[in-house]
Chemist: 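This structure is in structure tokens; I'll ask about it shortly.
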Amino acid sequence: QVQLQESGPGLVKPSQTLSLTCTVSGGSITTSHYAWHWIRQPPGKGLEWMGVIAYDGSCYYNPSLKSRTSISRDTSKNQFSLQLTSVTPEDTAVYYCAESDGLRVGATERNAYDSWGQGTQVTVSS
């Protein structure tokens, strides 16, 4: 089973860009059929799927966030990253990276994913 670890700033100012990185160990992000997701949970709310980058580098995004979201990867470091632009306080959440066998686009059930990072709190505030 792979291990995932999120990293990035815990505080972002409104209108700025939120940038997070997920470092993967115990497996390669280019392994066939595996997909790598960003999911968030705002305070008092359920999980919100944000987007995925597949083993071949193809990306899919939540339509409600697509205009502000970008997922990329660095295969040499076995990392994938999230950028969310023009953040507002409504983007305050715990952000998770997760892995699935198969794309699982849009899945919000925890058991849809094989592995999760521990999550990182991001607060948007001036």
Side-chain angles (χ1 to χ4, degrees):
Q1 192 172 18
V2 299
Q3 292 82 46
L4 302 96
Q5 178 66 59
E6 305 91 349
S7 60
L11 180 64
V12 183
K13 295 185 185 302
S15 80
Q16 293 188 341
T17 296
L18 181 162
S19 297
L20 296 174
T21 295
C22 184
T23 300
V24 178
S25 58
S28 171
I29 63 172
T30 61
T31 298
S32 184
H33 301 300
Y34 283 85
W36 309 91
H37 303 256
W38 287 101
I39 299 153
R40 68 182 183 179
Q41 186 166 25
K45 297 184 179 180
L47 295 173
E48 179 180 31
W49 178 82
M50 301 183 70
V52 60
I53 184 165
Y55 69 96
D56 61 357
S58 56
C59 295
Y60 303 86
Y61 299 105
N62 185 327
S64 68
L65 298 170
K66 185 176 182 179
S67 64
R68 300 195 292 130
T69 307
S70 177
I71 298 175
S72 60
R73 67 180 184 174
D74 185 336
T75 57
S76 67
K77 295 181 180 179
N78 214 35
Q79 295 175 333
F80 63 105
S81 298
L82 170 74
Q83 287 200 319
L84 182 67
T85 61
S86 304
V87 297
T88 73
E90 287 66 43
D91 293 309
T92 294
V94 178
Y95 286 74
Y96 297 94
C97 56
E99 170 265 324
S100 66
D101 184 356
L103 269 180
R104 309 269 184 181
V105 172
T108 55
E109 305 82 10
R110 281 194 172 270
N111 60 11
Y113 302 92
D114 299 319
S115 300
W116 289 76
Q118 65 181 20
T120 187
Q121 172 70 46
V122 177
T123 300
V124 179
S125 175
S126 56

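Values in this document were obtained by computation on a predicted structure and should not be read as measured data. Side chains are part of it too, since the values below use all heavy atoms of this structure and drop only hydrogens, waters and symmetry mates.
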Chemist: Which heavy atom in A112 sits nearest to a heavy atom in S100, and how many Å separate them?
Modeler: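 Residues A112 and S100, closest heavy atoms: O-CB, 4.0 Å.
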Chemist: So how far is it from I71 CD1 to L84 CG, rounded to the nearest 0.5 Å?
Modeler: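 If I round to the nearest 0.5 Å, the distance is 10.5 Å.
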Chemist: Using a 3.5 Å distance criterion without hydrogens, assess whether the side chain of T92 forms a donor-acceptor pair with backbone atoms of V124.
Modeler: yes
Chemist: If you group Ile, Leu, Val, Met, Phe, Trp and Tyr by side-chain heavy-atom gaps below 4.5 Å, do L82 and L4 land in one group?
Modeler: yes
Chemist: Can you measure from CD (Q79) to OG (S72) and round to the nearest 0.5 angstrom?
Modeler: 10.0 Å
Chemist: Do R40 and V122 touch side chain to side chain, with heavy atoms closer than 4.5 Å?
Modeler: no
Chemist: Are any side-chain N or O atoms of S115 and backbone N or O atoms of V2, one a donor and one an acceptor, separated by less than 3.5 Å?
Modeler: yes
Chemist: Does one hydrophobic cluster hold both L103 and L47, with members joined at side-chain heavy-atom distances below 4.5 Å?
Modeler: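 Both belong to a single hydrophobic cluster.
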Chemist: Under a 3.5 Å distance rule, please check whether D101 uses its side chain to pair with a backbone N or O of D114 as donor and acceptor.
Modeler: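 Not confirmed, D101 side chain does not pair with D114 backbone.
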Chemist: Nearest 0.5 Å please: distance from the CD atom of E6 over to the CD atom of Q121.
Modeler: 12.0 Å
Chemist: Applying a strict under-4.5 Å side-chain criterion to I, L, V, M, F, W and Y, I'd like to know whether V24 and I39 cluster together.
Modeler: no
Chemist: Below 4.5 Å, heavy atoms only, C-beta onward: do V105 and V52 meet side chain to side chain?
Modeler: yes
Chemist: Taking the side chain as everything from C-beta on, heavy atoms only, tell me whether T69 gets closer than 4.5 Å to N62.
Modeler: no
Chemist: Do W49 and V94 land in one hydrophobic cluster if side-chain heavy atoms of ILVMFWY residues count as linked below 4.5 Å?
Modeler: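 They do share one cluster, since a chain of ILVMFWY contacts under 4.5 Å joins W49 to V94.
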Chemist: Scan Y96, F80, W116, Y113 and name whichever one has a side chain to side chain contact (heavy atoms under 4.5 Å, CB included) with H37.
Modeler: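 Checked Y96, F80, W116, Y113 against H37; only one passes side chain to side chain contact (heavy atoms under 4.5 Å, CB included): Y113.
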Chemist: Would you name the heavy atoms of S67 and T85 that are closest together and state the gap between them?
Modeler: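 Result for this residue pair: O-OG1, 4.5 Å.
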Chemist: Testing the 3.5 Å rule here: is there a donor-acceptor pair between the side chains of S81 and T21?
Modeler: yes
Chemist: Would you give the length of the straight line joining atom CD of Q1 to atom OG of S25, rounded to the nearest 0.5 angstrom?
Modeler: 11.0 Å
Chemist: Can you tell me how far the OG atom of S86 sits from the CZ atom of R68, to the nearest 0.5 Å?
Modeler: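 The distance works out to 7.0 Å.
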Chemist: Compare every heavy atom of W36 with every heavy atom of S28, then report the nearest pair and how far apart it is.
Modeler: O-CZ2, 3.6 Å
Chemist: Measure across A93 and P43 and return the closest heavy-atom pair with its distance rounded to 0.1 Å.
Modeler: CA-CD, 4.4 Å
Chemist: Please find the pair of heavy atoms, one from P14 and one from S125, that lie closest to each other, and give the distance.
Modeler: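 Looking at all heavy atoms of both residues, the closest pair is CD-C, 3.5 Å.
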Chemist: Working to the nearest 0.5 angstrom, can you tell me the gap between K45 NZ and E90 CD?
Modeler: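 Separation between the atoms: 7.5 Å.
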Chemist: Check whether Q83 reaches the backbone of S19 with its side chain - one donor and one acceptor, N or O, closer than 3.5 Å.
Modeler: no
Chemist: Give every donor-acceptor pair under 3.5 Å between a side-chain atom in residues 53-60 and any protein atom, sequence neighbours left out.
Modeler:
unit_1: D56; atom_1: OD1; unit_2: S58; atom_2: N; d: 3.1
unit_1: D56; atom_1: OD1; unit_2: S58; atom_2: OG; d: 2.7

